[in-house]
Amino acid sequence: MPELPEVQTTVLGLKKKVLNRTFVDVWTDTKKLFKNISFPDFKKEIKGKKIKKIYRRGKNIIFDLSDGLNLLVHQKMTGHFLYDKWENDPMNSFIRVKFFLDNGKVLALSDLRKFAKIELYKTKDLKLNLGPEPLEKSFNFDKFKNVLKKGKIKQVLMNQEIIAGIGNIYSDEILWQAKVHPEKDALKLSEKELKRIYKAMKDILKKAVDLGGTSISDYRDIEGKKGKFGDIRKVYRRESQKCPRCGAIIKRKKLGGRSAHFCPSCQKP
DNA sequence: ATTCGGACCTGAAAGC
DNA sequence: TGCTTTCAGGTCCGAA
């Protein structure tokens, strides 16, 4: 499912609902989601652990637990957390894992495609190979320029080791706003183009967080509700519709296995 | 050394 | 109507 804004929305919801709660039990019918530990071992370890902190890094959710443990969840394409009660929605019916909490409530993970990843680390062993957080104030324009590497700009923006958190929706939306073609080489962009991309990145990610993310497909917040950024998106999954800026027909093109959506008229190669 | 396709899964939507 | 193909907010791995 989720890119930075969706994961951020999830983390905000989790902080509100499950911070300082203790896990009393866990259930799954999809043991393969547990990657660096067997499910029986995970179950033994997680019982009685208190959630001291919850934060996002890139597209990862990290629960900082008592006894020096970190629970890491990556929701991949279709994973999303649901707390206690949620809307009756087909996308919320693929419950693969249930965490039982000490207040009698359930924190569930719905994941249609079963790609999600759940791992348990000792806090000191948790190492994520990720680039800077795009919304951090300290990530200024100079730093942005310096992290860029050779390659098509869309793929560079989506490379988690360069910048953490941007995926297919937001790279398309950022490049449309910046009027830059997705296949331009990141290292051959003009100063003006780079400035437009940098600004669009901050604007769009902030706006998407404010709107609770994008729910065109599977993503829901932890109460099962949809985010609203999808309503105002300009190009993502809008192939053959009109560009809202110039009226040209939006194109879709395969780029490294993913679909890039762009306006061929205002994003010239 | 990069890049690309395939794998991992399931279901909705579009095509025939 | 029903069967087939394409597509999906991600990442990893191995072959060109």
Side-chain angles (χ1 to χ4, degrees), chain A residues 1-11 28-36 56-61 72-81 89-97 109-119 128-131 134 148-176 182-183 185-187 201 204-205 207-209 211-221 225-241 251-261:
Chain A
M1 57 132 127
E3 305 177 34
L4 186 153
E6 291 76 35
V7 182
Q8 186 66 24
T9 302
T10 298
V11 165
T28 190
D29 64 355
T30 315
K31 295 190 169 74
K32 57 155 292 197
L33 302 185
F34 297 80
K35 299 293 181 185
N36 72 340
R56 178 190 62 74
R57 180 74 177 96
K59 300 171 188 170
N60 299 277
I61 300 172
L72 175 81
V73 179
H74 194 304
Q75 309 171 97
K76 297 286 179 74
M77 293 288 262
T78 58
H80 55 273
F81 276 112
D89 170 344
M91 280 309 151
N92 291 332
S93 331
F94 301 93
I95 307 298
R96 312 298 187 195
V97 183
L109 182 70
S110 177
D111 183 15
L112 188 155
R113 295 177 73 182
K114 302 180 176 175
F115 288 166
K117 174 175 92 170
I118 301 175
E119 292 179 324
L128 296 170
N129 194 14
L130 295 172
L148 296 180
K149 298 210 168 93
K150 185 178 161 21
K152 293 170 183 169
I153 183 62
K154 176 174 168 70
Q155 292 176 316
V156 170
L157 289 176
M158 288 201 295
N159 183 331
Q160 301 302 295
E161 293 180 26
I162 297 176
I163 301 170
I166 298 171
N168 212 30
I169 298 178
Y170 298 106
S171 57
D172 279 353
E173 295 296 318
I174 288 166
L175 292 172
W176 179 84
E183 292 185 285
D185 187 332
L187 296 187
M201 176 182 75
I204 285 175
L205 292 177
K207 177 156 248 174
V209 170
L211 293 177
T214 301
S215 295
I216 295 172
S217 181
D218 308 82
Y219 172 70
R220 302 292 183 268
D221 70 14
K225 300 205 172 101
K226 295 184 179 187
K228 296 188 171 63
F229 185 86
D231 302 340
I232 62 156
R233 76 194 196 278
K234 310 296 186 190
V235 285
Y236 177 74
R237 286 216 220 175
R238 290 204 189 279
E239 185 188 15
S240 70
Q241 296 180 29
K251 289 262 183 300
R252 177 165 65 93
K253 183 176 181 183
K254 280 274 180 224
L255 225 171
R258 313 299 299 278
S259 286
H261 309 78

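Below, read A as the first sequence line, B as the second, and so on, with proteins coming before strands; counting in each chain starts at 1.
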Next item on the list: Take atom NZ of A/Lys149 and atom C1' of B/dA1, then tell me their distance rounded to the nearest Å.
Entry: 14 Å
Note to self: Rounding to an integer number of angstrom, what distance separates C/dT11 and B/dG11 when you compare their P atoms?
What the structure shows: 23 Å
Notebook entry, point to check: Within this structure, what is the CD-to-C1' distance between A/Glu161 and C/dT11, rounded to whole angstrom?
Noted result: 11 Å
Check: So does A/Lys59 get a side-chain nitrogen or oxygen closer than 4.0 Å to the phosphate oxygens (OP1/OP2) of C/dG10?
Finding: yes
Check: Roughly how far apart are A/Phe81 CZ and A/Thr9 OG1, rounded to 0.5 Å?
Finding: 14.5 Å
Check: Paired with B/dC9: which nucleotide, if any, by Watson-Crick or G-U wobble criteria at under 3.5 Å for both distances?
Finding: none
Check: Between CZ of A/Arg252 and OH of A/Tyr236, what distance do you get to the nearest 0.5 Å?
Finding: 10.0 Å
Notebook entry, point to check: To the nearest angstrom, how far is A/Tyr170 atom OH from C/dG10 atom P?
Noted result: 10 Å
Notebook entry, point to check: Does the side chain of A/His74 get closer than 4.0 angstrom to OP1 or OP2 of C/dG10 through an N or O atom?
Noted result: no
Next item on the list: Output the distance between atom CD1 (A/Ile169) and atom OG1 (A/Thr214), rounded to the nearest 0.5 Å.
Entry: 4.0 Å
Note to self: Say we look at B/dC9 and C/dT4: how far apart would their P atoms be, to the nearest angstrom?
What the structure shows: 23 Å
Checklist line | Spacing of NZ belonging to A/Lys149 relative to CG belonging to A/Asn159, to within rounding of 0.5 Å | finding: 7.0 Å
Item checked: Nucleotide B/dG5, atom P - distance to CG of A/Leu255 in whole Å -> 11 Å
Next item on the list: With heavy atoms under 4.0 Å as the rule, sort A/Gly257 into base, sugar-phosphate or nothing.
Entry: nothing
Check: Which is true for A/Tyr236 with a 4.0 Å heavy-atom rule: it touches a base, it touches only sugar-phosphate, or it touches nothing?
Finding: sugar-phosphate
Margin query: So A/Ser259, base contact, sugar-phosphate only, or nothing? Heavy-atom distance under 4.0 Å.
Written below: sugar-phosphate
Item checked: Touch class at under 4.0 angstrom, heavy-atom based, for A/Arg252 against every strand present -> sugar-phosphate
Note to self: Under 4.0 Å, heavy atoms only, any strand: does A/Lys254 hit a base, just the sugar-phosphate, or nothing?
What the structure shows: sugar-phosphate
Next item on the list: Would you kindly give the CG-to-P distance between A/Asn168 and C/dC7, to the nearest whole Å?
Entry: 13 Å
Item checked: Whole-Å distance separating the CD atom of A/Gln155 from the C1' atom of B/dA1 -> 15 Å
Checklist line | Nearest-Å distance for atom pair CZ/P, residues A/Arg258 and C/dT11 | finding: 8 Å
Check: What string of B, S and - do you get for nucleotides 9-16 of chain B, 5' to 3', when a contact is any protein heavy atom under 4.0 Å?
Finding: BBS-----
Checklist line | Interatomic distance, A/Gln160 atom CD to A/Glu3 atom CD [nearest 0.5 angstrom] | finding: 8.5 Å
Margin query: Distance check, rounded to the nearest 0.5 Å: A/Ile163 atom CD1 versus A/Leu4 atom CG?
Written below: 11.0 Å
Margin query: Tell me whether the rings of A/Phe229 and A/Tyr170 are parallel (<30°), tilted (30 to 60°) or perpendicular (>60°).
Written below: tilted
Check: Does the side chain to side chain donor-acceptor pair (under 3.5 Å) test come out yes or no for A/Asn168 and A/His261, once each step is laid out?
Finding: CA-CA 9 Å; A/Asn168 212 30; A/His261 309 78; 5.2 Å; no
Check: What integer distance in Å separates A/Asn36:CG from C/dT11:P?
Finding: 17 Å
